[in-house]
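In this text, all values refer to a predicted model and were calculated from it rather than measured experimentally.
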Amino acid sequence: MSYSVLAAFYNQLQEADYDGIGAYYHKLLAGSNVPCPAGSPKILLDLACGTGILTRRFADLNYDVIGADISPEMLSVASEQPHGRIQYCCQDMTKLDLFGTVDACICTLDALNHLPNEKALKETFSRVSLFMNKGGVFAFDMNTILKHKEILSGNTYVYDLDDIYCIWLNSYCDECDNHRIDITLDIFAKTKSPPQAESPPQAESPPQAKSPHHAKNFWQKHTERLTERAYPLSAIFEMLTEAGFGDIKAYKWLSDIPADETCEKAVFCAVKL
C-alpha cells in the first residue's frame, strides 16, 4: 500500500502529540546508551517516516537521520521541509537496504501493524538488525490485539476540519489470521472547482446568481483503504530474539509501565546483540 491518497491530507488529519512522542522515544534511546563514535552524532533510522514530522524532530536533536518510507507521495510531502541532517529514501521496510549501519532505529504510530503477515514482520526485524551496529537500539510501537478486537472493531470515527471531512470505518475480520482490521478512509476535501463528472449531465442547470462575498465551494471525495494486523506480545518478543535482539522490553504507550495484553498500544525497546 502506497498511501497515495492519504499523503496529501495526512498532516491535517493526524492528531498525534508529536512533541510528546518524540520526547518519549528520545528518552528511550538516551536511557539505552545508544553507541556512537566519539565526537560524532548518532545515526538514526526513522523507519516508515511518513511525512517526516518526527524525522525532523530527531534531526533537531542532533541525530543524523535516515527517513525511509515505501510511499513516494509521503516522502514528497516530507521533502517540502528539507533539513541538513536528513536523508530520505523510498524503500520497502521488508527489503531495507542501507549504504551503512545505524546506531538506532525507531518505527512509530503502528506502522509495523500495516505489514501483510508475520513473515513480513520477521523480515523487517531481520533487515533492521542487519543494518544496526552492535549495542544499537530498536524502538517501535504496535497496536495490540485488544485494540483491534475491542476498540477499533466495527467503530466509525469522524473528523470535521475546516477544509476536510473524514469518515474512518473499521471492520474486524473474525475469520482472518493475525487479528486483521480493514480500514476505509473516505476523505471529502473542499475545492473551488466542481469534481469531474463521471458522465455528461443530462441537462443544464439554470444559472445561479453569484454573490461577490461568498464563493461557492465543492467537495471532492477521496478514498484510501488500509489494513492492520496485530500479534501477541510474546510472539513479537520471539521474533525480535530470532532477529538478533536482546534485552527486550515492552511498555504501555508513552509510559514506563510494563505492557500486557490489556493495553491498546505497546512500545518495544530492544538492543542489537
Checklist entry - Quick one: are Met132 and Phe245 in side-chain contact, heavy atoms under 4.5 Å? => result yes
Next on the checklist: What verdict does the side chain to side chain contact (heavy atoms under 4.5 Å, CB included) test give for Asp60 and Arg85, after you've listed the backbone C-alpha separation in whole Å, the side-chain angles of each residue and the deciding distance to 0.1 Å?
Outcome noted: CA-CA 8 Å; Asp60 289 338; Arg85 288 191 177 275; over 6 Å; no
Next on the checklist: With salt bridge (charged side-chain N to carboxylate O under 4.0 Å, His left out) as the criterion, how do Asp162 and Lys190 come out once you've worked through the C-alpha distance, each side chain's angles and the decisive distance to 0.1 Å?
Outcome noted: CA-CA 9 Å; Asp162 288 339; Lys190 191 178 292 186; over 6 Å; no
Next on the checklist: Please determine whether side chain to side chain contact (heavy atoms under 4.5 Å, CB included) holds for the pair Glu261 and Leu146, giving the CA-CA distance in whole Å, both sets of side-chain angles, and the decisive distance to 0.1 Å.
Outcome noted: CA-CA 7 Å; Glu261 299 293 354; Leu146 176 138; over 6 Å; no
Checklist entry - Under a 4.5 Å cut-off applied to non-hydrogen side-chain atoms, are Leu28 and Val137 in contact? => result no
Checklist entry - Is the shortest heavy-atom distance from the side chain of Arg57 to the side chain of Ile53 under 4.5 Å? => result yes
Item to check | Nearest atoms (heavy-atom pairs only) where Ala78 meets Arg56 | outcome: O-NH1, 3.7 Å
Item to check | Side-chain heavy atoms of Asn155 within contact of Trp168, under 4.5 Å | outcome: no
Checklist entry - Is there a path from Leu273 to Ile248 through hydrophobic residues (I, L, V, M, F, W, Y) whose side chains come within less than 4.5 Å of each other? => result no
Item to check | Where Thr51 and Ala7 come nearest, the two heavy atoms and their spacing | outcome: CG2-O, 4.4 Å
Next on the checklist: Can a donor-acceptor pair be found, under 3.5 Å and without considering hydrogens, that links the side chain of Thr241 to the backbone of Phe237?
Outcome noted: yes
Checklist entry - What heavy-atom pair brings Phe58 and Leu29 nearest, and what distance separates the two atoms? => result CE2-CD1, 4.1 Å
Next on the checklist: As an exercise, state the distance from CG of Asp160 to SG of Cys166, rounded to the nearest 0.5 Å.
Outcome noted: 10.5 Å
Item to check | Closest heavy-atom pair and its distance - Ala120, Leu115 | outcome: O-CD1, 3.9 Å
Checklist entry - Are Leu169 and Val158 connected in the hydrophobic side-chain network, where two residues link if heavy atoms are under 4.5 Å apart? => result yes
Item to check | Intermediate values then yes/no, side chain to side chain contact (heavy atoms under 4.5 Å, CB included), Thr55 and Tyr88 | outcome: CA-CA 10 Å; Thr55 320; Tyr88 290 110; 4.1 Å; yes
Checklist entry - Under 4.5 Å between any side-chain heavy atoms of Leu13 and Leu6, yes or no? => result yes
Checklist outcome for this item: OG1 (Thr108) and CG (Asp46) are apart, to the nearest 0.5 Å, by 6.0 Å
Item to check | From Asn170 atom CG to Ile151 atom CD1, the distance as rounded to the nearest 0.5 Å | outcome: 11.0 Å
Item to check | Atom of Gly244, atom of Ser129 and distance for their closest heavy-atom approach | outcome: CA-OG, 4.3 Å
Next on the checklist: As a quick check of understanding, evaluate side chain to side chain donor-acceptor pair (under 3.5 Å) for Asn133 and Asp103, giving each step before the final call.
Outcome noted: CA-CA 6 Å; Asn133 293 325; Asp103 302 309; 2.8 Å; yes
Checklist outcome for this item: Between Pro72 and Ile70, the two heavy atoms sitting closest are CD-O, 3.3 Å
Checklist entry - Roughly how far, to the nearest 0.5 Å, is CG of Leu98 from SG of Cys89? => result 6.0 Å
Checklist entry - Can we say Asp141 and Lys265 salt-bridge, meaning some charged N sits less than 4.0 Å from an Asp/Glu carboxylate O? => result yes
Next on the checklist: Counting C-beta onward and ignoring hydrogens, is there a side-chain heavy-atom pair between Ile187 and Ile164 closer than 4.5 Å?
Outcome noted: yes
Checklist entry - Counting only N and O atoms by type, is there a donor-acceptor contact under 3.5 Å from the side chain of Asn113 to the main-chain atoms of Asn143? => result yes
Next on the checklist: So, taking the atom named OH in Tyr10 and the one named CE in Met74, what distance separates them when rounded to the nearest 0.5 Å?
Outcome noted: 5.5 Å
Checklist entry - If you group Ile, Leu, Val, Met, Phe, Trp and Tyr by side-chain heavy-atom gaps below 4.5 Å, do Ile145 and Leu121 land in one group? => result no
Checklist entry - Stepwise, does the side chain to side chain contact (heavy atoms under 4.5 Å, CB included) test hold for Val102 with Leu44? => result CA-CA 6 Å; Val102 300; Leu44 172 75; over 6 Å; no
Checklist entry - Heavy-atom distance under 4.5 Å between the side chains of Glu118 and Tyr231, does that happen here? => result yes
Checklist entry - Is a donor on one side and an acceptor on the other found under 3.5 Å between the side chain of Thr144 and the backbone of Cys263? => result yes
Next on the checklist: Contact between Trp253 and Tyr24 at the side-chain level, heavy atoms closer than 4.5 Å - yes or no?
Outcome noted: no
Checklist entry - Do the side chains of Leu47 and Val77 join up, straight or via other hydrophobic residues, at under 4.5 Å, putting them in one cluster? => result no
Checklist entry - Parallel, tilted or perpendicular: which fits the ring planes of Phe125 and Phe138, with parallel below 30° and perpendicular above 60°? => result perpendicular
Next on the checklist: Which residue in the set Met93, Lys119, Lys95 passes side chain to side chain contact (heavy atoms under 4.5 Å, CB included) when paired with Thr124?
Outcome noted: Met93
Item to check | Gap between atom CD of Glu228 and atom NZ of Lys147 - 0.5 Å precision | outcome: 7.5 Å
Next on the checklist: Between Asp69 and Ser71, is the side chain to side chain donor-acceptor pair (under 3.5 Å) condition met? List the steps.
Outcome noted: CA-CA 6 Å; Asp69 201 279; Ser71 168; 4.5 Å; no
